[in-house]
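Quantities reported herein were computed from a predicted structural model and do not represent experimental measurements.
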Amino acid sequence: MLSVIIPAYNEENRINRTLDVLCRFMEQAFSDYEILVVDDGSSDQTYPLVCQHPGKNIRPLTYSPNRGKGGAVKFGVKNARGDIIIFTDADLPYPPENIEKAVRMFEQNSYDLILGNRESADNGKKYPWYRTLMSHGFSFVVDLILNLHVPDTQCGFKCFRREAAEKIFEKSTLPGWGFDVELIFLAKKMGFHIGRLPVELFHENSGSKIRIVHDTLTMVREVRRVKDNNKKGLYGKF
């Protein structure tokens with residue numbers, strides 16, 4: 001089975017459209033799948049809309065209060081039933097065809113996880129300059145502090161074999177912006193085989209929750225938390 005996780009916080013204005021597109025694709029491409037929409041303590045109608053959606057194999061999950069994207073994805077992984085687990089953003093900025101490409105990569109390679117990679121010339125034309133600058137600056141900080149050498153840690157499309165997902169998320173601690181970096185750090189620390197998948201990006205400014213200065217500072221603090229957690233032995237030894 002394939003599990004697709006969508007963390008959703010106050011997404012009432014676009015969750016139906018996302019599920020329309022995703023359900024249509026999944027029904028055509030896969031016979032055994034589930035779509036887990038994790039309502040991250042929303043204050044709007046996100047969860048009721050997901051529950052009412054007519055698409056097949058949708059599993060609405062909810063809790064309160066809000067935990068952050070990392071907390072929502074971790075909750076989704078804990079409840080997922082699939083042998084392959086994928087998470088993507090609620091506005092579906094990466095075409096669902098990437099799901100099929102990732103599954104094929106797992107079938108043809110020994111990857112334990114596959115990271116989406118937005119680094120392409122075409123994507124640069126669609127992405128606001130400040131988001132591009134923010135992404136490159138953050139990658140520089142991540143390399144400086146953690147020496148990860150992964151150019152696009154924040155891409156919202158990531159895929160795992162079940163065993164890798166369970167081991168990584170069992171040790172993950174960050175619920176906010178830094179959770180992507182922590183996942184990759186843990187994957188490398190555990191010796192998992194990581195693949196890269198170039199993904200096309202369709203950026204949508206409407207509904208964006210990015211606050212440039214505040215979120216950049218928050219992400220830098222969380223990267224340092226990963227380093228501190230590792231020094232304290234919170235991730236264990238592998």
A.B. asks: Got Thr153 and Leu115 here, is their nearest side-chain heavy-atom distance under 4.5 Å?
C.D. replies: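 Not touching, per the 4.5 Å side-chain cut-off.
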A.B. asks: Quick check: do Gln154 and Arg118 have side-chain heavy atoms less than 4.5 Å from each other?
C.D. replies: yes
A.B. asks: Quick one: does Asp112's side chain have a donor or acceptor within less than 3.5 Å of a partner on Ala164's backbone?
C.D. replies: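 Here the side-chain-to-backbone pair does not exist.
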A.B. asks: Treating Lys74 as the side-chain partner and Phe169 as the backbone partner, does any N or O pair qualify as donor plus acceptor under 3.5 Å?
C.D. replies: yes
A.B. asks: So, does Asp44 use its side chain to make a donor-acceptor pair with the main chain of Thr46 at under 3.5 Å?
C.D. replies: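 Looks like yes, one N/O pair under 3.5 Å.
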A.B. asks: Evaluate the side-chain proximity of Val4 to Glu34: yes if any heavy-atom separation is below 4.5 Å, no if none is.
C.D. replies: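 Side chain of Glu34 against side chain of Val4, heavy atoms only: no contact under 4.5 Å found.
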A.B. asks: Does Gly68 offer a backbone N or O that forms a donor-acceptor pair with the side chain of Asp40 under 3.5 Å?
C.D. replies: yes
A.B. asks: Are Ile168 and Met190 side-chain neighbours, meaning at least one heavy-atom pair lies under 4.5 Å?
C.D. replies: yes
A.B. asks: One thing to verify: whether Glu170 and Lys167 come together as a salt bridge, which I'm taking to mean a side-chain N less than 4.0 angstrom from a carboxylate O.
C.D. replies: no
A.B. asks: Measuring from atom CZ of Arg225 to atom CE of Met219, what distance do you get when rounded to the nearest 0.5 angstrom?
C.D. replies: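 That separation rounds to 15.0 Å.
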A.B. asks: What I want to check is whether the side chains of Tyr235 and Glu182 have a donor and an acceptor closer together than 3.5 Å.
C.D. replies: yes
A.B. asks: Could you tell me if the side chain of Asp152 sits less than 4.5 Å from the side chain of Arg196, heavy atoms only?
C.D. replies: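 SC-SC contact between Arg196 and Asp152 confirmed.
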A.B. asks: Determine the minimum heavy-atom distance between Arg67 and Pro175, stating which atoms define it.
C.D. replies: O-CB, 3.0 Å
A.B. asks: Atom CZ in Arg104, atom CD in Glu107: separation rounded to 0.5 Å?
C.D. replies: 8.0 Å
A.B. asks: Side chain to side chain contact (heavy atoms under 4.5 Å, CB included) between Asn230 and Lys189: does it pass, once the steps are laid out?
C.D. replies: CA-CA 10 Å; Asn230 189 52; Lys189 186 177 178 69; 3.0 Å; yes
A.B. asks: Looking only at heavy atoms, which two atoms of Asn10 and Ser43 are closest? And how far apart?
C.D. replies: OD1-N, 2.7 Å
A.B. asks: Got a sec, which residues hit ring-ring contact (aromatic ring centres under 6.0 Å, His included) with Phe106, two or more places apart in sequence or on another chain?
C.D. replies: none
A.B. asks: Check whether Lys69 reaches the backbone of Tyr9 with its side chain - one donor and one acceptor, N or O, closer than 3.5 Å.
C.D. replies: no
A.B. asks: Applying the side-chain contact (heavy atoms from CB on, under 4.5 Å) criterion to Leu2, which one of Ile35, Ile84, Asp32, Asn57 satisfies it?
C.D. replies: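 Considering Ile35, Ile84, Asp32, Asn57, a side-chain contact (heavy atoms from CB on, under 4.5 Å) with Leu2 is found only for Ile84.
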A.B. asks: Could you tell me which residues satisfy side-chain contact (heavy atoms from CB on, under 4.5 Å) with Ile145, sequence neighbours excluded, listed by chain and number?
C.D. replies: Val141, Val223, Arg224, Lys227
A.B. asks: Is Val226 close to Leu174 at the side-chain level, that is, under 4.5 Å between some pair of heavy atoms?
C.D. replies: yes
A.B. asks: Please enumerate all residues that pass side-chain contact (heavy atoms from CB on, under 4.5 Å) together with Asp83, with sequence neighbours excluded.
C.D. replies: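 Once residues adjacent in sequence are excluded, Asp83 has no partner under the side-chain contact (heavy atoms from CB on, under 4.5 Å) criterion.
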A.B. asks: Under the side chain to side chain contact (heavy atoms under 4.5 Å, CB included) rule, what do Lys171 and Leu234 come out as? Steps first, then yes or no, please.
C.D. replies: CA-CA 8 Å; Lys171 295 292 184 179; Leu234 298 183; over 6 Å; no
A.B. asks: Donor-acceptor pair, distance only, cut-off 3.5 Å: does the side chain of Arg161 make one with the backbone of Tyr111?
C.D. replies: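 Between the backbone of Tyr111 and the side chain of Arg161 there is a qualifying donor-acceptor contact (under 3.5 Å).
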A.B. asks: Of the non-hydrogen atoms in Gly82 and Ser3, which two are nearest, and what is the gap between them?
C.D. replies: N-OG, 2.8 Å
A.B. asks: Can you tell me how far the CE atom of Met26 sits from the CD atom of Glu100, to the nearest 0.5 Å?
C.D. replies: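 So the CE of Met26 and the CD of Glu100 are separated by 9.5 Å.
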A.B. asks: With Phe75, which residues qualify under ring-ring contact (aromatic ring centres under 6.0 Å, His included), at least two apart?
C.D. replies: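 By the ring-ring contact (aromatic ring centres under 6.0 Å, His included) rule, Phe75 matches Tyr63.
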A.B. asks: Please name the pair of heavy atoms, one in Val37 and one in Ala8, separated by the smallest distance, quoted to 0.1 Å.
C.D. replies: CG1-CB, 4.1 Å
A.B. asks: Taking everything shown except Glu163 itself, do over 12 heavy atoms lie less than 6.0 Å from its CD?
C.D. replies: no
A.B. asks: Ion pair present between Glu97 and Lys101, side-chain N to carboxylate O less than 4.0 angstrom?
C.D. replies: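 Judged by the 4.0 Å cut-off on N to carboxylate O distance, Glu97 and Lys101 do not form a salt bridge.
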A.B. asks: Checking side chain to side chain contact (heavy atoms under 4.5 Å, CB included) for the pair Asn79/Arg59: CA distance, chi angles, key distance, verdict?
C.D. replies: CA-CA 10 Å; Asn79 286 276; Arg59 291 180 59 202; 4.1 Å; yes
A.B. asks: Apply side chain to side chain contact (heavy atoms under 4.5 Å, CB included) to the pair Ile86 and Phe157, showing each step before the final yes or no.
C.D. replies: CA-CA 7 Å; Ile86 295 174; Phe157 183 83; 3.8 Å; yes
A.B. asks: Find out whether Ile58 and Leu19 are in side-chain contact, i.e. whether some heavy atom of one side chain is under 4.5 Å from a heavy atom of the other.
C.D. replies: yes
A.B. asks: Please report the shortest heavy-atom distance between Cys155 and Val199, naming the atom on each side.
C.D. replies: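 Smallest heavy-atom distance, with atoms named: SG-CG2, 4.0 Å.
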A.B. asks: Compare all side-chain heavy atoms of Leu183 with those of Phe160 and state whether any distance is below 4.5 angstrom.
C.D. replies: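 They are in contact (side-chain heavy atoms under 4.5 Å apart), so the answer is yes.
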A.B. asks: First locate atom CG of Asp89, then atom CD1 of Ile5, and finally report the distance between them rounded to the nearest 0.5 Å.
C.D. replies: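 Spacing of CG (Asp89) from CD1 (Ile5) equals 12.5 Å.
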A.B. asks: With a 3.5 Å cut-off and no angle check, do the side chains of Thr173 and Asn229 form a donor-acceptor pair?
C.D. replies: yes
A.B. asks: For Thr62, what residues pass the side-chain contact (heavy atoms from CB on, under 4.5 Å) criterion, not counting sequence neighbours?
C.D. replies: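 In terms of side-chain contact (heavy atoms from CB on, under 4.5 Å), with neighbours along the sequence ignored, Thr62 is linked to Asp39, Tyr47.
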A.B. asks: So, for Leu22 and Pro96, which heavy atoms are closest and what is the spacing to 0.1 Å?
C.D. replies: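 Distance-wise, the nearest heavy atoms are CD1-CB, 4.1 Å.
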A.B. asks: Look only at the side chain of Thr18 and the backbone of Arg14, and say whether a donor-acceptor pair between them is shorter than 3.5 Å.
C.D. replies: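 Looks like yes, one N/O pair under 3.5 Å.
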A.B. asks: Among Ile184, Thr88, Ile85, find the residue that satisfies the side-chain contact (heavy atoms from CB on, under 4.5 Å) test when tested with Lys158.
C.D. replies: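 Among Ile184, Thr88, Ile85, the one meeting side-chain contact (heavy atoms from CB on, under 4.5 Å) with Lys158 is Ile184.
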A.B. asks: How far does NZ of Lys78 sit from CG of Leu36, to the nearest 0.5 angstrom?
C.D. replies: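 One gets 14.0 Å once the value is rounded to the nearest 0.5 Å.
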A.B. asks: When you measure from the side chain of Asn109 to the backbone of Met105, do you find a donor-acceptor pair of N or O atoms at a distance under 3.5 Å?
C.D. replies: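 Yes, the answer is positive, given that a donor and an acceptor are paired below the 3.5 Å cut-off.
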A.B. asks: Drop me the distance from Cys159's SG to Leu113's CG, to the nearest 0.5 angstrom.
C.D. replies: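 Between atom SG of Cys159 and atom CG of Leu113 there are 8.5 Å.
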A.B. asks: Who are the ring-ring contact (aromatic ring centres under 6.0 Å, His included) partners of Phe179, not counting sequence neighbours?
C.D. replies: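 ring-ring contact (aromatic ring centres under 6.0 Å, His included) check on Phe179 returns Phe87.
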